[in-house]
Amino acid sequence: MATKDPTAVERANLLNMAKLSIKGLIESALSFGRTLDSDYPPLQQFFVVMEHCLKHGLKVRKSFLSYNKTIWGPLELVEKLYPEAEEIGASVRDLPGLKTPLGRARAWLRLALMQKKMADYLRCLIIQRELLSEFYEYHALMMEEEGAVIVGLLVGLNVIDANLCVKGEDLDSQVGVIDFSMYLKNEEEIGNKERNVQIAAILDQKNYVEELNRQLNSTVSSLHSRVDSLEKSNTKLIEELAIAKNNIIKLQEENHQLRSENELILMRTRQHLEVTKVDVETELQTYKHSRQGLDEMYNDARRQLRDESQLRQDVENELSVQVGMKHEMELAMKLLEKDIHEKQDTLIGLRQQLEEVKAINIEMYQKLQGSEDGLKEKNEIIARLEEKTNKITTAMRQLEQRLQQAEKAQKEAEAEDEKYAQECLSQSDSLQRQISQKEQQLVQLETDLKIEKEWRQTLQEDLQKEKDVLSHLRHETQKVISLKKEFLNLQDENQQLKRIYQEQEQALQDLGSKLCESKLKIDDIKEANKALQGLVWLKDKDATHCKLCEKEFSLSKRKHHCRNCGEIFCNACSDNELPLPSSPKPVRVCDSCHAMLIQRCSSNMP
């Protein structure tokens, strides 16, 4: 047999412990459902395991007084490699209560977990192996592949929300010991955890479907608002189109008027030209002898012709301008009609999308109802299982008592045990079949959810342009709402703590007043116990509510046994004292036994 390298075995052990601690921390934190504090045991064990992993293979540095072997040196090196880590280093150095490098390293690990950047910081450190070789040996965990695996596992801790108080905690003198009992679990606990994980997954799917429904409702409302705005804009465009048509009609009328005026001017100019021609001919015939007079008349006629030609050109220019205006108005009309047709097409498309979204919404609601019914059935099955397990446990306890009392009935008790075991096995088989059926239903639900996700992606691609505009505002409003929710949660926690504090104070006062009475009643209780050995004495663990008033027990509402029937009641329902045949002194009795004993006494009286 070849002996294994002890350093490799140490690395493997530390890797396995890191896997167990990280997995247990994530599972317990998700089931816990709240932010973790420094007193949470799985979180403490995680820091202890991380400290052991970082200490493995660390070089010893000699100083003047003693040998120094701490993990603060490599962690301090992260600031140079990752600039965002400077804030953590500065805040750790500013903490007043830390005196040793080990305490600073522990504070650094806690702050990195709260920032959700522990994996990023350690990844930068592992990449630089030349710098790490100054602090670690060549066989250290941080220098081998196991360190990279642990850094990859640390990414899963980004799911956890932790709120750790580093100031008041004594991190210098803590002793880091790994508690292996937390990772050694029974099969029953593993089965219960698996069931809880399945139920949590179903609840997560339900929450996801509800969020999808809310988002689809918001998209439907936004589409409604967009359709309303488009309808308003359409009405405005129709009004503008009517106004433009009226303007075109007016311009056409003006054009007709100008054309008629132009025709009249042309007729007049032609008549005037004809008259002038006749006059010129007569003047030429009459004034042939006077050449100067004819020249002057000829010049006047030419001038008049030029003026009239200029007037004609001006009128023609005005006509051409009006014709161009008419063409432009016709083009504007065509463009307006095209815009109206396009907007009507977009309105039709948006209405179709609205109908599709409504249909998807109805399908999602039906699937949600189906998943809720499945959840209710599973909860009922779990309740039945718990009742059956409670019955089995009570039966086992009775069997053990009978075994202790009578050794002769051992064979009969073993036969009954075998019968019970067979029943349990048959019940477990039937339950496993039911669980397999539910798993098939879950697979169907997952396929339906995938189809719905694809629909959602198509809808998101269609509506992404509109969401980009509103994303910034929604982000800010979500921040404000989250801050308000955190503030309200803190107020509720404060009120709950105050109530618990008041109840504890009242319970302490009651305990102080009843300690004196309990010393005097010990003898009475012993005598009553001797008399009640034949009765069935109910255990404190089995009773959670008062049998008469059915109120839950707490620190202020304590448990009290009735010395007659052996049941457990609250103080208000068992504040009577009567002498019993077994004890001459008056002892505590419940209200029902008190009334029954008084009736017996009154009937026995002559």
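Remember, predicted model here, so these are calculated numbers, not experimental data.
When the shell of 6.0 Å around CD of Glu316 is examined, it contains more than 12 heavy atoms from other residues, nucleotides or ligands. Remark: Glu130 CD is loosely packed, at most 12 non-hydrogen atoms of other residues, nucleotides or ligands lying under 6.0 Å away.
Under the side-chain hydrogen bond (donor to acceptor under 3.5 Å, both in side chains) criterion, Glu254 pairs with no residue, sequence neighbours left out. Residues that satisfy the side chain to side chain contact (heavy atoms under 4.5 Å, CB included) test with Leu311, not counting sequence neighbours, are absent from this structure.
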**OP:** Verify side chain to side chain contact (heavy atoms under 4.5 Å, CB included) between Ser233 and Leu230, making sure each step is shown before the conclusion.
**Re:** CA-CA 5 Å; Ser233 62; Leu230 285 169; 4.2 Å; yes
Original post:
Between Leu75 and Val92, is a side chain to side chain contact (heavy atoms under 4.5 Å, CB included) present by the stated rule, with each step listed?
Top reply: CA-CA 11 Å; Leu75 293 179; Val92 167; over 6 Å; no
Subject >> Derivation of the side chain to side chain contact (heavy atoms under 4.5 Å, CB included) call for Leu95 and Leu171 >> reply: CA-CA 11 Å; Leu95 288 172; Leu171 299 173; 6.0 Å; no
Subject >> Stepwise side chain to side chain contact (heavy atoms under 4.5 Å, CB included) test for Leu264 and Met267 >> reply: CA-CA 5 Å; Leu264 288 169; Met267 291 290 288; 5.7 Å; no
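Within the 3.5 Å criterion, the main-chain N or O of Gly89 finds a donor-acceptor partner in the side chain of Arg93. Side chain of Arg129 to backbone of Met143: a donor-acceptor contact under 3.5 angstrom is found. Side-chain N or O atoms of Asn16 include one that pairs as donor or acceptor with a backbone N or O of Ala12 at under 3.5 Å. A distance-only check finds no donor-acceptor pair linking the side chain of Asn213 to the backbone of Val209 [under 3.5 Å]. Side chain of Asn494 to main chain of Leu490: no donor-acceptor pair is present (N/O by atom type, distance under 3.5 Å, no hydrogens or angles).
In this structure, CG on Asn262 lies 9.0 Å from CZ on Arg312, to the nearest 0.5 angstrom. Atom CD of Glu79 sits about 10.5 Å away from atom CD of Glu87, to the nearest 0.5 Å. The CD atom of Gln252 sits 10.0 Å away from atom CZ of Arg259, with the distance rounded to the nearest 0.5 Å. Put simply, CE on Met50 and CD1 on Ile71 are 8.5 Å apart, with the number rounded to the nearest 0.5 Å. One distance of note links CZ of Arg384 with CD of Glu387; it measures 9.0 Å at 0.5 Å rounding. With rounding to the nearest 0.5 Å, the separation of CG in Leu25 from CG in Leu20 is 12.5 Å.
Residues Leu14 and His52 share a closest heavy-atom pair of CD2-CB, 4.0 Å. When all heavy atoms are compared, the tightest approach of Ile160 to Ala29 is CG1-CB, 4.0 Å. Across Ser31 and Ser28, no two heavy atoms sit closer than the pair OG-O, 2.9 Å. Heavy atoms only, all atoms of each residue included: Leu43 and Asp37 are closest at CD2-O, 3.5 Å. Contact detail for Pro74 and Leu132: the closest heavy-atom pair is CB-CD2, 4.3 Å. Between Leu125 and Met142, the shortest heavy-atom distance links the atoms CD2-CE, 4.4 Å.
Counting heavy atoms from C-beta on, the side chains of Trp108 and Val166 never come closer than 4.5 Å. Counting only heavy atoms from C-beta outward, the side chains of Ile88 and Val78 never approach each other to under 4.5 Å.
Contacts classified as side-chain hydrogen bond (donor to acceptor under 3.5 Å, both in side chains) and involving residues 110-124 (residues at least two apart or in different chains) are given here: Glu84-Lys117, Gln115-Tyr121, Lys116-Asp161, Asp120-Arg123.
Among Val49, Leu15, Leu54, Leu122, the single residue meeting the side chain to side chain contact (heavy atoms under 4.5 Å, CB included) criterion with Ile150 is Leu15.
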